[in-house]
Amino acid sequence: MAFTTFRTLRDAIMNVAPRIKDILAAESDPMKVEQIIETELASALDSIDIAKVLSDQDEEEMEDGGD
């Protein structure tokens, strides 16, 4: 469960740079660049639904017989 959660988190964060590179390249205001980066990273972190991960794990354990 932890492996899957952290892999998903890693993927979400690693996708930020390719997604915003053109926006940042066109931006000359350092404060605006910082704001864009912070917003995108926060969005990536918020995209991880811990409750869903835990729920999925519980379902898998029930299917496996509780092991």
Member of I37, D29, I36 meeting the side-chain contact (heavy atoms from CB on, under 4.5 Å) criterion with V33: I37
Closest non-hydrogen atom pair between S47 and A12, with its separation: OG-CB, 4.0 Å
Backbone of Q35 reached by a side-chain donor or acceptor of T39 within 3.5 Å: yes
Nearest non-hydrogen partners of V16 and A44, listed with the distance: CG2-CB, 4.0 Å
Reported CZ-to-CG distance for the pair F6 and D11, which is rounded to 0.5 angstrom: 13.5 Å
Inter-residue atom distance D46.CG - L41.CG, 0.5 Å rounding: 11.0 Å
Separation of L45 CG from L9 CG (nearest 0.5 Å): 5.5 Å
Separation between CD of E40 and CD1 of I23, rounded to the nearest 0.5 Å: 6.5 Å
